[in-house]
Amino acid sequence: MFDKPPAWSPCTGFFSCGPGKRECAFFDEGVQKWATLDLGFLPKSACRLLAASGGLLCLSYAGVCSCVFICNPMTKSWRELPAFHHQRRRAGTMLVHLLVDKVSLSYKVIVIGHPSCSAPSAAMSTMTEVYDSRTDAWTAVADIPSSGCILSPSIAFRNGIIYCLTENPTGLLAFNIARKVWRRLEIKSHSRVLCVLEHNGHILIVARLTARVTRLGIWRLRETFPRVWIKVALMPVEHALYFLLSGKFCCFAQGNCVCFASPRRTRWLLFHIKKRTWTWGTPARVLDPDSYNKWFLYEPRLDISA
């Protein structure tokens with residue numbers, strides 16, 4: 001079909017699944033339009049999008065979860081991975097991160113079981129497991145630290161370390177993939193941290209100022225000691241209200257931008273870090289509030305298979 005795989009830049013993706021329908025699309029920056037990704041080749045039971053990376057998507061069942069699906073929607077290749085060592089009651093009781101090696105075209109799936117802050121007994125396992133496509137096997141590596149609950153489904157990856165948010169106290173849990181150990185990083189701030197992400201080699205957090213509940217801001221973790229958080233920008237009040245009133249939202253890095261989107265809203269916002277500008281993206285279709293909706297960073301690729 002192509003002499004060589006066409007090049008797409010990482011872009012904004014949207015996934016939705018409801019009764020009798022499952023839809024996926026990405027915003028093609030080249031033509032400034034939404035393009036549909038046909039997922040009809042997947043089993044109907046693959047109805048929860050957990051992670052995306054390097055052209056691959058990771059999906060799961062809606063109920064009891066003992067395994068996940070990996071697919072490339074551009075080539076329609078897919079597979080169901082072997083079962084976890086530790087069963088998860090549902091997709092919401094685990095965090096999942098997908099890592100793709102763009103040289104070897106191999107990938108790893110990291111599944112982190114965690115207690116829910118609202119229902120501590122909801123998770124069947126707090127074990128962290130790692131799947132490696134080169135061995136086609138899962139490895140159970142370590143339990144997460146017992147203190148603190150993971151707040152947000154956002155995960156950041158940098159230099160072999162995965163970061164996720166906790167509370168009591170507010171901080172970051174850091175998992176070193178090579179050493180297979182967890183450690184805690186405290187966040188000393190007067191803000192409620194909502195998201196963590198990686199951008200151009202830096203760890204960023206998005207937080208709501210507790211003294212000014214209508215403000216959202218972005219902070220960057222300084223790499224040298226003392227490891228303090230440096231303010232990057234504050235979101236305009238009218239933009240912040242759009243997301244705060246939606247109930248929940250997600251953030252992810254996209255090129256030189258940070259993207260903000262809510263599963264309950266059609267519009268998405270880009271903050272260009274170098275230009276320091278805020279720009280609304282082309283809205284997605286009208287959302288069904290009764291469906292499972294998720295925004296994600298998508299990089300269309302034809303050279304990798306599940």
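Computed from a predicted structure; not experimentally measured.
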Arg179, CZ: over 12 other non-hydrogen atoms inside 6.0 angstrom: no
Enclosure of Arg79 CZ (heavy-atom neighbours >12, cutoff 6.0 Å): yes
Once you round to the nearest 0.5 Å, how far does [atom1] of [X] lie from [atom2] of [Y]?
X	Y	atom1	atom2	value
Leu269	Phe243	CG	CZ	5.0 Å
Thr135	Asp132	OG1	CG	4.5 Å
Phe14	Leu49	CZ	CG	10.5 Å
Leu42	Cys71	CG	SG	4.5 Å
Glu80	Ser60	CD	OG	11.0 Å
Leu81	Cys67	CG	SG	7.5 Å

Compare all side-chain heavy atoms of [X] with those of [Y] and state whether any distance is below 4.5 angstrom.
X	Y	answer
Val130	Val109	no
Trp219	Leu204	no
Leu57	Leu98	no
Val100	Leu56	yes
Ser53	Phe157	no
Val196	Ile203	yes
Arg301	Glu299	yes
Trp78	Pro43	yes

Residues that Ala140 engages under side chain to side chain contact (heavy atoms under 4.5 Å, CB included), provided they are two or more places apart: His85, His86, Met127, Glu129
Residues in side chain to side chain contact (heavy atoms under 4.5 Å, CB included) contact with Ser106, at least two apart in sequence or another chain: Asp101, Ser104, Ser133, Arg134
Backbone of [Y] reached by a side-chain donor or acceptor of [X] within 3.5 Å:
X	Y	result
His97	Ile112	no
Arg215	Met235	yes
His199	His202	no
Trp138	Pro82	yes
Arg22	Leu39	yes
Glu198	Gly201	yes

Same apolar cluster: Leu234 and Ile205, side chain cutoff 4.5 Å: yes
Phe41 with Met74, same ILVMFWY side-chain cluster at under 4.5 Å: yes
Can you name the closest pair of heavy atoms from [X] and [Y] and give their distance?
X	Y	value
Pro73	Tyr298	CG-OH, 3.4 Å
Ser291	Gly18	OG-CA, 3.7 Å
Val193	Ala207	CA-CB, 3.8 Å
Gly54	Ile304	O-CG2, 3.5 Å
Thr12	Cys259	OG1-SG, 4.0 Å
Cys251	Val258	CB-CG1, 4.5 Å

For Trp268, the option from Trp295, Phe260, Trp280 that meets side chain to side chain contact (heavy atoms under 4.5 Å, CB included): Trp295
Passing candidate, side chain to side chain contact (heavy atoms under 4.5 Å, CB included) with Phe271, options Asn256, Val232, Thr277, Val206: Val232
Chi angles and distances behind the side-chain contact (heavy atoms from CB on, under 4.5 Å) call for Ile177, Ile162: CA-CA 8 Å; Ile177 295 177; Ile162 289 178; 4.0 Å; yes
Examine the side chains of [X] and [Y] and answer whether a donor and an acceptor come within less than 3.5 Å of each other.
X	Y	answer
Thr282	Lys33	no
Asp136	Tyr131	yes
Ser77	Asn72	no

side-chain hydrogen bond (donor to acceptor under 3.5 Å, both in side chains): pairs with one or both residues in residues 232-248, sequence neighbours excluded: Ser246-Ser262
Step-by-step ring pair (Phe, Tyr, Trp, His ring centres under 6.0 Å) determination, Phe26 to Trp34: CA-CA 6 Å; Phe26 69 95; Trp34 284 93; 8.3 Å; no
Trp278 vs Leu270, side-chain contact (heavy atoms from CB on, under 4.5 Å): CA-CA, chis, key distance, verdict: CA-CA 6 Å; Trp278 300 87; Leu270 288 174; over 6 Å; no
Between Tyr61 and Phe69, ring centroids under 6.0 Å: yes
Test side-chain contact (heavy atoms from CB on, under 4.5 Å) applied to Lys102 and Asp303, step by step: CA-CA 9 Å; Lys102 296 182 180 180; Asp303 59 347; over 6 Å; no
Face-on cation placement of Arg48 at Tyr292 ring, 6.0 Å and 45° thresholds: yes
side-chain contact (heavy atoms from CB on, under 4.5 Å) between Asp288 and Lys21, worked out: CA-CA 11 Å; Asp288 181 355; Lys21 62 183 178 69; 4.0 Å; yes
